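Here, residue 1 is the first one in the sequence, and each next residue gets the next number. Computed from a predicted model, the values in this text were never measured in an experiment.
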Amino acid sequence: MLLMALCSAAASAQTSGGGNNNEPPTLPKSDKVPVEEIEHPFEEIELPHSDVGTGGNGPVAYLNKVQGTLTISTGGKDVTPVINVYKDGVLVAPSVPGVVKAGGISTDVGQYGSGNYVVTVGDKNPLWCSFGL
């Protein structure tokens, strides 16, 4: 009986977020990227060349809700194109390689359906944003 109670408590601790790898990591506010929605469904992102390796105006995420794509302009920050997608607090896409565009990294988040998202880009000191889809 005691063993069953211990196993139940351990399983409960794993799903409540205590050290669980499925929940978004604690991320510094300084690396949070503002999200701008694209109004036209087929609008192509033209990232400013000033963003490429020069610091530009800082990182910005562009969300196309119709196509379900997210493009993060790195604002000159050197990040690896490793993307983690969390939907409603659960890791749905671990270490997905993003499509690298001039000055930015793009991924398809629409494939995971509607929900509240946290997306991180980079493996060390990642840029990140949050939005609803």
Side-chain angles (χ1 to χ4, degrees):
M1 184 71 157
L2 178 60
L3 181 58
M4 190 181 332
L6 289 173
C7 289
S8 176
S12 174
Q14 284 184 334
T15 58
S16 67
N20 184 341
N21 287 337
N22 286 333
E23 292 189 6
T26 302
L27 297 162
K29 289 184 180 183
S30 61
D31 292 328
K32 185 172 183 179
V33 177
V35 177
E36 294 183 12
E37 286 187 34
I38 299 172
E39 293 183 14
H40 189 275
F42 301 105
E43 185 175 342
E44 187 65 28
I45 300 296
E46 290 289 331
L47 298 174
H49 291 289
S50 64
D51 278 350
V52 183
T54 64
N57 295 323
V60 177
Y62 300 95
L63 176 63
N64 186 323
K65 285 189 173 184
V66 173
Q67 292 179 329
T69 57
L70 179 75
T71 300
I72 297 181
S73 162
T74 61
K77 183 173 178 178
D78 187 23
V79 294
T80 58
V82 174
I83 298 172
N84 289 297
V85 179
Y86 300 86
K87 176 185 163 196
D88 297 328
V90 176
L91 181 63
V92 293
S95 301
V96 175
V99 176
V100 178
K101 295 183 176 185
I105 299 165
S106 187
T107 190
D108 176 14
V109 291
Q111 65 184 316
Y112 307 111
S114 61
N116 293 310
Y117 284 85
V118 172
V119 176
T120 66
V121 176
D123 50 3
K124 294 183 180 179
N125 301 318
L127 296 173
W128 65 281
C129 63
S130 60
F131 56 91
L133 193 63

Just list the side-chain donor-acceptor pairs under 3.5 Å for residues 103-115, sequence neighbours left out, or say none.
unit_1: Ser106; atom_1: OG; unit_2: Leu70; atom_2: O; d: 3.4
unit_1: Ser106; atom_1: OG; unit_2: Thr71; atom_2: OG1; d: 3.1
unit_1: Asp108; atom_1: OD1; unit_2: Gly110; atom_2: N; d: 3.1
unit_1: Gln111; atom_1: NE2; unit_2: Asp108; atom_2: O; d: 2.9

I need the full list of salt bridge (charged side-chain N to carboxylate O under 4.0 Å, His left out) pairs touching residues 63-72, with sequence neighbours left out, sorted by first then second residue. Glu37-Lys65

Does any pair with a residue in residues 80-99 pass salt bridge (charged side-chain N to carboxylate O under 4.0 Å, His left out), and if so which ones, sequence neighbours excluded? none

Could you tabulate the donor-acceptor pairs under 3.5 Å formed by side-chain atoms of residues 122-129, not counting sequence neighbours?
unit_1: Asp123; atom_1: OD1; unit_2: Thr80; atom_2: OG1; d: 3.1
unit_1: Trp128; atom_1: NE1; unit_2: Pro28; atom_2: O; d: 2.9

Does Pro94 have any side-chain contact (heavy atoms from CB on, under 4.5 Å) partners at least two apart in sequence or in another chain, and if so, which? Asn84, Leu91

Are Val92 and Val82 co-members of a hydrophobic cluster defined by side-chain heavy atoms under 4.5 Å apart? no

[X] side, atom [atom1]; [Y] side, atom [atom2] - distance, nearest 0.5 Å:
{"X": "Thr69", "Y": "Leu63", "atom1": "OG1", "atom2": "CG", "answer": "7.0 Å"}
{"X": "Gln67", "Y": "Ile38", "atom1": "CD", "atom2": "CD1", "answer": "7.5 Å"}
{"X": "Leu27", "Y": "Tyr86", "atom1": "CG", "atom2": "OH", "answer": "7.5 Å"}

Looking only at heavy atoms, which two atoms of [X] and [Y] are closest? And how far apart?
{"X": "Ala61", "Y": "Ile72", "value": "CB-CG1, 3.9 Å"}
{"X": "Val118", "Y": "Ser130", "value": "CG2-CB, 4.1 Å"}
{"X": "Ile83", "Y": "Val85", "value": "CG2-CG2, 3.9 Å"}

